Amino acid sequence: RNSPSTGPAVYNFSSTDLTVYSVWESLYKGVSRANMLLANVDNNLEIEKEVRDCIRGEALALRAYYYFLLVTLYGDVPLLTQPVDNPDDIFVARTDSRAVYSQILKDLTEAEPLVMNIDEIGHGGRISKSAVRGIAARVCLHKAGYPICDETGYAEARTWALKVIDGETEHRLNPSYSGVFI
């Protein structure tokens, strides 16, 4: 037989499983880089404030997205919002999922006015206002569901989703399915 007997695919794994570890490590590397950028973005005053604000917004949105993935995959996770100064300080207590979701929404709310519209960016390679709004809507839906069960999340998700629908950028379905592959 070629099917695996251990690992996430068969619900038989531990924290030492390479797949689990690599996802955890990659997401926390992203959090660490975002924290480092956020702590230092204003150190170079030669960069225009508008550009620094856009960078700050994108870093906040990325940190929020990384934490969203972490909390949906692992539940209560360590919440780090500042750069880690001591590499030996590796034992950080887990933070309740409610607090993690609050931080995610705080970061997304702060990021929304700072990032550019997709029309200004001109391509899908950066975080735009609609991306931040869409992620926030999804976060609110998850917050409303199990295990948090905060039903105010449904109304918040609706508000964020309407911002995507009614935003400055017109979003519409692609009229040509085959055109996607050309």
Side-chain angles (χ1 to χ4, degrees), residues 23-24 26-39 41-42 47-77 79-81 95-182:
V23 169
W24 177 274
S26 296
L27 292 174
Y28 269 107
K29 276 184 182 177
V31 167
S32 177
R33 290 174 180 156
N35 286 340
M36 187 66 71
L37 181 67
L38 290 167
V41 70
D42 289 324
I47 300 172
E48 295 178 29
K49 180 167 177 18
E50 183 179 294
V51 173
R52 284 183 282 144
D53 284 345
C54 184
I55 292 169
R56 180 180 297 105
E58 290 175 3
L60 285 165
L62 283 171
R63 181 173 74 182
Y65 185 66
Y66 296 144
Y67 270 119
F68 175 58
L69 293 175
L70 282 162
V71 78
T72 54
L73 289 171
Y74 302 105
D76 297 348
V77 294
L79 181 62
L80 306 170
T81 57
T95 305
D96 182 65
S97 296
R98 294 177 204 289
V100 177
Y101 275 104
S102 293
Q103 183 64 44
I104 292 168
L105 290 171
K106 178 180 178 274
D107 284 353
L108 292 171
T109 302
E110 189 177 336
E112 182 202 11
L114 300 175
V115 298
M116 294 186 282
N117 284 328
I118 191 67
D119 296 336
E120 296 173 79
I121 297 170
H123 56 82
R126 293 178 68 179
I127 294 185
S128 65
K129 283 190 189 304
S130 5
V132 169
R133 293 167 179 170
I135 293 168
R138 186 173 179 141
V139 168
C140 291
L141 286 175
H142 276 263
K143 184 179 90 164
Y146 183 81
I148 305 298
C149 301
D150 180 359
E151 293 192 13
T152 62
Y154 292 123
E156 293 174 42
R158 182 181 190 279
T159 301
W160 284 106
L162 285 174
K163 284 183 174 186
V164 172
I165 295 167
D166 299 334
E168 302 86 30
T169 304
E170 181 183 335
H171 292 279
R172 60 191 175 283
L173 296 175
N174 189 338
S176 169
Y177 177 77
S178 62
V180 173
F181 302 100
I182 296 175

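No experiment lies behind these values; they were computed from the predicted model shown.
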Which residue pairs pass the salt bridge (Lys or Arg N to Asp or Glu O under 4.0 Å) test when at least one of the two sits in residues 173-182, sequence neighbours left out?
none
With rounding to the nearest 0.5 Å, note down the distance linking OH in Y101 to CZ in F68.
5.5 Å
Look only at the side chain of R133 and the backbone of A161, and say whether a donor-acceptor pair between them is shorter than 3.5 Å.
no
Considering non-hydrogen atoms only, spot the tightest contact between S97 and D76 and give its length.
OG-OD1, 2.7 Å
When you measure from the side chain of T72 to the backbone N and O of L69, does any donor-acceptor pair fall under 3.5 Å?
yes
To check you understand the geometry: which heavy-atom pair defines the closest contact between I127 and I121, and what is its length?
O-CD1, 3.7 Å
Taking atom OH of Y65 as the centre, report whether more than 12 heavy atoms of other residues, nucleotides or ligands fall under 6.0 Å from it.
no
Between A136 and L105, which heavy-atom pair has the shortest distance, and what is it?
O-CD2, 4.2 Å
Taking side chain to side chain contact (heavy atoms under 4.5 Å, CB included) as the test, write out the residues that go with A144, two or more places apart.
Y154
Rounded distance (nearest 0.5 Å) linking atom OG of S102 with atom CD1 of I148:
8.5 Å
Partners meeting side chain to side chain donor-acceptor pair (under 3.5 Å) with R158 (sequence neighbours left out):
none
Could you work out, with side chain to side chain contact (heavy atoms under 4.5 Å, CB included) as the rule, every residue matching A64, not counting sequence neighbours?
I104, D107, L108
Who are the side chain to side chain contact (heavy atoms under 4.5 Å, CB included) partners of T95, not counting sequence neighbours?
L79, A99, V100
Identify each donor-acceptor pair in which a side-chain atom of residues 31-38 lies under 3.5 Å from a protein atom, sequence neighbours left out, and give them as a table.
{"residue": "N35", "atom": "OD1", "partner": "R63", "partner atom": "NH1", "Å": "2.7"}
{"residue": "N35", "atom": "ND2", "partner": "V31", "partner atom": "O", "Å": "3.4"}
{"residue": "N35", "atom": "ND2", "partner": "L80", "partner atom": "O", "Å": "3.0"}

To the nearest 0.5 Å, atom CD of E112 lies from atom OG of S130 at 10.0 Å
For side chain to side chain contact (heavy atoms under 4.5 Å, CB included), just list the numbers for V139 and W160, CA-CA rounded to whole Å, side-chain angles, deciding distance to a tenth of an Å, and then say yes or no.
CA-CA 10 Å; V139 168; W160 284 106; over 6 Å; no
Tell me, please, which residues at least two apart from S176 pass side chain to side chain contact (heavy atoms under 4.5 Å, CB included).
N174, S178
Quick one: which residue pairs count as a salt bridge (Lys or Arg N to Asp or Glu O under 4.0 Å) with a foot in residues 139-150, not counting sequence neighbours?
K143-D150, K143-E156
On a heavy-atom basis, the closest approach of G153 and C140 is O-CB, 3.3 Å
Taking side chain to side chain donor-acceptor pair (under 3.5 Å) as the definition, give me every residue that meets it alongside S128, ordered by chain and number, with sequence neighbours left out.
none
Sequence neighbours excluded, the answer for side chain to side chain donor-acceptor pair (under 3.5 Å) partners of D42 is R52, R56
Give me each pair satisfying salt bridge (Lys or Arg N to Asp or Glu O under 4.0 Å) with a member in residues 65-75, each pair once, sequence neighbours excluded.
none
Can you tell me how the ring of Y177 sits relative to the ring of F181, calling it parallel under 30°, perpendicular over 60° and tilted otherwise?
perpendicular
Salt bridge (Lys or Arg N to Asp or Glu O under 4.0 Å): pairs with one or both residues in residues 114-131, sequence neighbours excluded:
E58-R126
Where is the tightest heavy-atom contact between A61 and A111, given as atom of each residue plus distance?
N-CB, 4.0 Å
